[in-house]
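Chain letters run A, B, ... following the sequence lines, proteins first, then strands; residues in each count from 1.
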Amino acid sequence: MTESGDIALRLAAWWEANARDLPWRFGRATPWGVLVSEVMSQQTQMSRVVPYWTTWMGRWPDARSLASAPKADVITAWGRLGYPRRALRLQECARVVADDYADELPHDYDALVALPGIGDYTASAVMSFAFGERIAVIDTNIRRVLSRVFLGVESRGGAASPVERALANRLLPDDGFTDMADMVVRGSGAVEDAGDAGDAKGMNNKARSGRRPRARRRERPSVVWNQSVMELGAVVCTAKSPLCEACPIADDCAFLKAGRPGLGERRTRPRQRFQGTDRQVRGMVLEALRALPANAVLARNEVAGLWKDHVQLDACIASLDDDGLVEMLPDGSLRLPR
DNA sequence: TTCCAGGCGG
DNA sequence: CCGCCCGGAA
């Protein structure tokens with residue numbers, strides 16, 4: 001047992017009772033579905049992702065189907081999730097998986113992190129959450145929680161420091177000998193029954209009609225650790241106003257013991273402004289294109305009416321074209337790419 | 001305003 | 001390492 005053993009047990013119990021009932025959790029999604037959920041969740045709240053993910057997976061359940069979809073459909077289906085380049089990268093990722101890996105997501109960190117749109121976090125998350133492998137997952141939530149609980153300070157902005165990575169790796173629980181996670185048969189009814197764990201209810205799932213299924217995959221300790229620390233950071237140990245009264249490990253938290261020094265300081269990576277930026281203009285252009293009927297084009301004069309500053313507007317259209325998100329026709333009209 | 005299950009190009 | 005990429009919600 002590692003130094004985090006006692007904390008891990010309490011977090012696991014908290015996780016069982018409080019985990020949000022997201023549709024890609026608890027063995028209900030394929031590895032590809034888990035990857036899609038992670039890409040959609042990059043810099044986007046999970047609550048907003050859920051309806052998009054459900055529709056998306058119903059339409060393109062595997063990499064091969066997404067790979068063969070028209071780009072315009074992919075961009076439109078991405079809707080208002082934001083950062084639409086993620087949609088194109090996800091489709092490129094799907095092409096590689098379909099073509100180079102026979103439509104089966106590689107069970108290998110190095111192969112995953114080499115895929116388009118997949119960085120260290122997403123590759124680690126897929127290895128842990130989809131494949132059940134023991135690997136440290138490092139995202140903004142886990143960095144904040146581990147830094148607070150074990151170091152007593154706020155996590156810094158920017159990339160994860162070597163100290164934070166070492167901490168995450170050191171704390172990651174051992175998995176022991178169990179092979180229970182391999183007993184799951186995804187997509188069928190032949191799943192290991194986790195018994196008493198099956199009736200835990202989600203916190204914010206009032207809107208969801210489906211209950212968590214009784215049949216559950218029994219996760220390895222490292223996977224539960226990753227999931228529970230991340231969930232704690234998302235729901236309890238939040239950046240601005242952590243709910244320490246509701247925290248299952250408040251008694252062990254160095255940050256709380258120290259009087260929560262620097263809480264509310266801008267420790268995370270400073271965010272860009274939005275009003276008036278190219279991101280806003282690009283968003284408006286794409287929104288106008290998504291609203292068109294299929295295969296329709298946006299006439300030049302309608303494009304010009306989208307934004308006063310035509311210098312900025314033209315630059316944004318050019319950058320959207322560079323990104324492959326729009327196509328410019330010779331007459332100056334715009335459309336989504338095929 | 002700030003934050004959010006980041007990734008990528010310069 | 002730094003700046004950019006979207007949009008909604010607290």
Side-chain angles (χ1 to χ4, degrees), chain A residues 19-20 22 24-25 29 34-53 75 78-90 92-93 112-130 135-146 154-162 168 204 223 225-235 237-243 263-290 312 315-316 319-320 322-325:
Chain A
R20 290 170 293 179
L22 303 169
W24 50 84
R25 284 182 170 171
V34 172
L35 181 144
V36 172
S37 80
E38 294 298 343
V39 171
M40 286 183 170
S41 301
Q42 291 165 4
Q43 293 289 286
T44 307
Q45 291 90 336
M46 314 290 291
S47 56
R48 291 180 52 214
V49 167
V50 170
Y52 286 95
W53 183 88
I75 294 167
W78 197 258
R80 305 184 69 80
L81 268 178
Y83 295 139
R85 291 189 298 186
R86 290 184 293 168
L88 293 186
R89 291 205 193 99
L90 182 57
E92 293 167 27
C93 175
L112 288 170
V113 82
L115 293 169
I118 308 302
D120 170 70
Y121 162 73
T122 305
S124 302
V126 168
M127 288 301 289
S128 179
F129 305 151
I135 184 171
V137 174
I138 299 175
D139 80 317
T140 176
N141 281 320
I142 288 189
R143 286 173 62 194
R144 182 175 59 252
V145 172
L146 297 187
E154 290 284 34
S155 173
R156 293 279 177 179
S161 69
N204 303 316
V223 177
W225 171 259
N226 286 329
Q227 298 253 52
S228 58
V229 174
M230 201 176 309
E231 185 82 347
L232 191 78
V235 177
C237 193
T238 55
K240 276 181 65 178
S241 48
L243 306 171
L263 176 64
E265 277 184 12
R266 282 173 49 205
R267 293 280 189 157
T268 56
R269 179 165 29 169
R271 289 282 107 200
Q272 267 185 285
R273 301 290 178 269
F274 180 64
Q275 286 295 326
T277 61
D278 287 357
R279 282 162 54 226
Q280 182 183 20
V281 179
R282 286 167 54 107
M284 291 184 63
V285 172
L286 267 191
E287 183 182 13
L289 288 174
R290 283 196 307 264
Q312 185 182 23
C316 287
S319 73
L320 286 167
D322 284 344
D323 290 340
L325 285 164

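- Contact annotation: A:R282 side-chain N/O to C:dC6 OP1/OP2 distance is under 4.0 Å.
- A distance of about 23 Å separates the P atoms of C:dG3 and B:dA5, rounded to the whole Å.
- In the set B:dA5, C:dC6, C:dG7, the nucleotide with an atom closest to the side chain of A:D139 is B:dA5.
- Among residues two or more places apart in sequence or in another chain, the salt bridge (Lys or Arg N to Asp or Glu O under 4.0 Å) test is passed with A:R48 by none.
- Residues A:R20 and A:A234 share a closest heavy-atom pair of NH2-CB, 3.6 Å.
- A donor N or O paired with an acceptor N or O is found under 3.5 Å between the base of C:dG7 and the side-chain atoms of A:Q45.
- Nucleic acid contact for A:G119: sugar-phosphate only, since backbone atoms but no base atoms lie under 4.0 Å from a heavy atom of the residue.
- Summary of the strand contacts: A:P116 and A:W24 both lie near DNA chain B, and taking for each the nucleotide with the nearest heavy atom, the more 5' one is attributed to A:W24.
- Close to B:dG6, at under 4.0 Å from its OP1 or OP2, lies a side-chain N or O of A:Q43.
- For the pair A:M46 CE and B:dG6 P, the interatomic distance rounds to 9 Å; values are reported in whole Å.
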Run the numbers on A:Q42 and A:Y83 for side chain to side chain contact (heavy atoms under 4.5 Å, CB included), then give the verdict.
CA-CA 9 Å; A:Q42 291 165 4; A:Y83 295 139; over 6 Å; no
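- Side-chain atoms of A:R89 lie closest to B:dC8 of the nucleotides C:dC5, B:dA5, B:dC8.
- With sequence neighbours excluded, the residues forming a side chain to side chain donor-acceptor pair (under 3.5 Å) with A:R86 are A:T44, listed by chain and number.
- As a whole-Å value, the separation of A:D322 CG from B:dG10 P is 10 Å.
- The side chain of A:K240 approaches B:dC3 more closely than any other nucleotide in the set B:dC3, C:dC4, B:dA5.
- Here the P atom of nucleotide B:dC3 and the CZ atom of A:R143 are 13 Å apart, to the nearest Å.
- Across every non-hydrogen atom of A:V145 and A:G233, the tightest pair is CG2-CA, 3.5 Å.
- Of all heavy-atom pairs between A:I142 and A:D139, the closest is N-OD1, 2.8 Å.
- No engagement by A:L286 is indicated, since no non-hydrogen atom pair under 4.0 Å with the nucleic acid exists.
- A straight line from CZ of A:R80 to P of C:dC5 spans 17 Å, rounded to a whole angstrom.
- Residue A:D278 is in sugar-phosphate contact alone, with no base atom involved, counting any heavy-atom pair closer than 4.0 Å across all strands shown.
- With DNA chain B read from its 5' end, the first of the two nearest nucleotides for A:I118 and A:S37 is the one closest to A:S37.
- Following rounding to the nearest Å, A:Y121 (OH) and B:dA5 (P) show an atom-to-atom distance of 9 Å.
- Between A:R144 and B:dC4 there is a side-chain polar atom (N or O) within less than 4.0 angstrom of OP1 or OP2.
- One can place CZ of A:R48 at 17 Å from P of B:dC3, the figure rounded to the nearest angstrom.
- Side-chain N/O atoms of A:T122 include one lying less than 4.0 angstrom from OP1 or OP2 on B:dG7.
- Atom CG of A:L90 and atom P of B:dG7 are 13 Å apart (whole Å).
- Going from atom CE of A:M284 over to atom P of C:dG8 covers 13 Å, rounded to whole Å.
- Taking the P atoms as reference points, B:dG10 lies 16 Å from C:dC6, given to the whole Å.
- Checked against B:dG7, C:dG7, B:dA5, the side chain of A:R85 finds its nearest nucleotide in B:dG7.
- With hydrogens and angles ignored, no donor-acceptor pair closer than 3.5 Å exists between the side chain of A:R86 and the base of B:dA5.
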